[in-house]
Amino acid sequence: MTRPELLAEDRHDRALVDRVAPADWTNPEPPGRYHLVVIGAGTAGLVTAIAAAGLGARVALIERRLMGGDCLNFGCVPSKGMIAAARRWSAGRADAGFGAPGAERPGDFAVGMKRMRRIRAEISRDDSAERFRDAGVDVYLGEGRFVSDRAVAVTGSAGDRELRFRRAVIATGARPQAPPIAGLERCGYLTNETVFALTERPERLAVIGAGPIGCELSQAFARLGSRVTTFDVLPGILPREDPDAAALVERALRRDGVELALDARIEEAAPESGGVRLVWVDGEGEKRETVCDELLVAVGRAPNVEGLGLEQVGVRSDAGGIQVDAKLRTTNTRIFAAGDVTPAPNFTHLADAHAAVVVQNALFFPSARADRLVVPRCTYTTPEVAHAGLDRREAEERGIALDVIDVSLEENHRALLDGEEEGFLRVLLKQGSDRVLGATVVGAGAGDLIAPLALAVTHGVGLSRFTSTILPYPTRAEVLKKAANQWRRTRFTPRAQRLLARWFRLTS
């Protein structure tokens, strides 16, 4: 196996690669037929492999690049490290309302990025080849491809191995894709796989895509001092989110200095003076130009299905990924697929949940289903946006009548004291009951606040249960109790009022 590229040439990234793709790794000799062969060591593959091995199964895990996949190397971990730096920089600026004087010297972008790489290297121990070998998983570093529906060939630095299996799992993930813009391929643009290797802050950054990744990184770079312009063909940002939630984030991005070019069509990209020149048309049809030092493309992902020999084993795939049924079986029922390589949303926590479904169905009686999972999501802008369950558009499409409970964070004492009252909780209830069908939280810590609501959606916990739950004061979590009390007041009908009035007259 050739040594994977370093993300940045420093000791922290060398330590990372030494753990997740060690150059001196020796692939084991296959001991016989495996209960499970897993291709891909991102979240779905890692959790599948270690869980199955922990149950006593004989498991092989194949990775061609970096164990830990996108989450560790190019996604959740580095992006949140960078966002943390951006938040600290923003918090250090002058704020007369708090009497804060602000930072006395300009920030050091390289130091913030180095901190991220150091922590990522520390976290990489959890995904290291050595850890999984010690947990009983046979780790093979190299290219894996099906040679039959009972065997996978691994091509590594020490030659080929053929791994026979009872069941196999494809967990090869996805990669960034680029929009069809003339000249883009000549521009040396960044993606989430390369942006975290930066050690110098770009003075001018252009971002194509105003989805979660584009919004998170646009705001982070703007807070770190870059002049950011973010483009999208849609008239608004975060199209999957509640429009009221997206509007709050849009306002925050603009406040942090992000220039949003929405309803914009980029016609051409060309290298210019060490940067990139974009020619684009705005929503009014006027042609404009923007020059940037770096260009970040964040418009979507493509499943990694090439070179796996899928046709040979009858596994069908399309642009959305490998086709799977509710139990994550492919069109060859001996072979499963999980995580980002499937058409499901590309979330680390969903890949983790897929792993549990695969372990049950591949090794035991196939009773677990992926189509019944409640999958929360969070965009880590400031304010954060988190959601679980149905949204109003989905409910309308399915003909489900709703009651809607809204609570502004301006009613929450902790949010007010922290100066973070921008945001709200919106709970969607089945009409006429307290059954939680969906919820959106916008505000600081929304990703944490969505947890009890995801629990409520998953397990049918009624909103009224929060009224009898004691929560510490002052916390943002009290917004849940306020929503429950608001719902309870809707049950205090005129008839109930009359009955109570009669009771108190009789007992006076």
Side-chain angles (χ1 to χ4, degrees), residues 79 82-83 86 90 176-195 198 201-302 319 379-385 391 393 422 442:
S79 67
M82 184 177 178
I83 288 168
S90 179
Q177 63 181 2
I181 297 172
L184 183 62
E185 70 283 352
R186 299 185 291 115
C187 293
Y189 59 87
L190 301 167
T191 69
N192 72 292
E193 292 193 352
T194 54
V195 68
L198 291 176
R201 179 185 63 220
E203 289 299 317
R204 301 166 299 176
L205 175 70
V207 179
I208 302 178
I213 295 174
C215 286
E216 288 180 1
L217 294 183
S218 292
Q219 187 181 49
F221 272 100
R223 289 179 152 198
L224 293 170
S226 297
R227 298 198 305 274
V228 180
T229 305
T230 300
F231 297 86
D232 205 288
V233 295
L234 297 176
I237 70 170
L238 300 176
R240 291 190 62 193
E241 302 302 338
D242 184 297
D244 293 337
L248 278 179
V249 176
E250 181 175 331
R251 190 163 68 213
L253 293 183
R254 294 185 189 276
R255 186 171 59 238
D256 282 330
V258 178
E259 181 180 343
L260 291 170
L262 304 175
D263 197 16
R265 186 179 73 256
I266 300 176
E267 294 186 335
E268 182 185 353
E272 181 171 299
S273 303
V276 178
R277 176 174 53 85
L278 299 175
V279 179
W280 55 286
V281 178
D282 66 19
E284 303 299 322
E286 181 179 347
K287 183 168 288 192
R288 305 178 64 178
E289 291 189 2
T290 296
V291 177
C292 59
D293 301 304
E294 295 283 1
L295 173 63
L296 170 64
V297 174
V299 295
R301 300 174 63 72
T379 299
Y380 296 91
T381 47
T382 300
E384 293 181 358
V385 180
D391 60 35
R393 284 172 292 192
E422 185 176 52
V442 188

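For the numbers below, each heavy atom of this structure counts, side chains included, while hydrogens, waters and symmetry mates do not. Just so it is clear, the structure is predicted and the values come from calculations on it, not from any experiment.
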**Prompt:** So L198 and F221, side-chain contact (heavy atoms from CB on, under 4.5 Å) or not? Walk me through it.
**Reply:** CA-CA 11 Å; L198 291 176; F221 272 100; 3.9 Å; yes
**Item:** L262 backbone acceptor or donor facing D232 side chain under 3.5 Å
**Value:** no
**Prompt:** What are the two closest heavy atoms between V385 and E241, and how far apart are they?
**Reply:** CG1-OE1, 3.7 Å
**Request:** State, yes or no, whether a side-chain contact exists between V297 and P176 at a heavy-atom distance under 4.5 Å.
**Result:** no
**Request:** Show your working on side-chain contact (heavy atoms from CB on, under 4.5 Å) between M82 and L217 and close with a plain yes or no.
**Result:** CA-CA 8 Å; M82 184 177 178; L217 294 183; 4.2 Å; yes
**Fill in**
Residues S218 and T230: closest non-hydrogen pair is OG-OG1, 2.6 Å
**Item:** Heavy-atom pair with the smallest gap, counting every atom of A269 and I181
**Value:** N-CG2, 3.9 Å
**Prompt:** Judged by atom type as modelled, is there a donor-acceptor pair below 3.5 Å linking the side chain of T379 to the main-chain atoms of T381?
**Reply:** no
**Prompt:** Distance from S226 atom OG to E203 atom CD, nearest 0.5 Å?
**Reply:** 6.5 Å
**Asked** Within a strict 4.5 Å, meaning less than it, do heavy atoms of the L184 and Y189 side chains meet?
**Response** yes
**Request:** Identify the heavy atoms of V299 and Q177 that sit nearest to each other, and give their distance.
**Result:** CG2-O, 3.4 Å
**Item:** T382 side chain near R223 side chain, heavy-atom distance below 4.5 Å
**Value:** yes
**Prompt:** Has E185 got more than 12 heavy atoms of other residues, nucleotides or ligands less than 6.0 Å from its CD?
**Reply:** yes
**Request:** Answer yes or no: is there a side-chain heavy-atom contact under 4.5 Å between L238 and C215?
**Result:** yes
**Prompt:** Is there a side-chain contact (heavy atoms from CB on, under 4.5 Å) between I83 and E384 once you walk through the steps?
**Reply:** CA-CA 12 Å; I83 288 168; E384 293 181 358; over 6 Å; no
**Complete:** The single option from R277, K287, R288 that satisfies salt bridge (charged side-chain N to carboxylate O under 4.0 Å, His left out) with E267 is K287
**Complete:** What one should report as the nearest heavy-atom pair of L205 and C292 is C-CB, 4.2 Å
**Message:** Test your reading of the model: is there a side-chain donor-acceptor pair from E216 to the backbone of Y380, 3.5 Å cut-off?
**Reply:** yes
**Student check: side-chain heavy atoms of F231 and T290 closer than 4.5 Å** = yes
**Request:** Taking the side chain as every heavy atom from C-beta outward, state whether R240 and D391 have any atom pair closer than 4.5 Å.
**Result:** no
**Request:** State the CG-CD distance between L224 and Q219, to the nearest 0.5 angstrom.
**Result:** 10.5 Å
**Prompt:** Does E294 reach the side chain of V195, with side-chain heavy atoms less than 4.5 Å apart?
**Reply:** no
**Request:** Return yes if some donor-acceptor pair links the side-chain N/O of E422 with the main-chain N/O of P383 below 3.5 Å, else return no.
**Result:** no
**Request:** Find the distance between CD1 (I208) and CD1 (I266) and round it off to the nearest 0.5 Å.
**Result:** 3.5 Å
**Message:** Can you tell me how far apart CZ (R251) and CD1 (I237) are? Round to the nearest 0.5 Å.
**Reply:** 11.5 Å
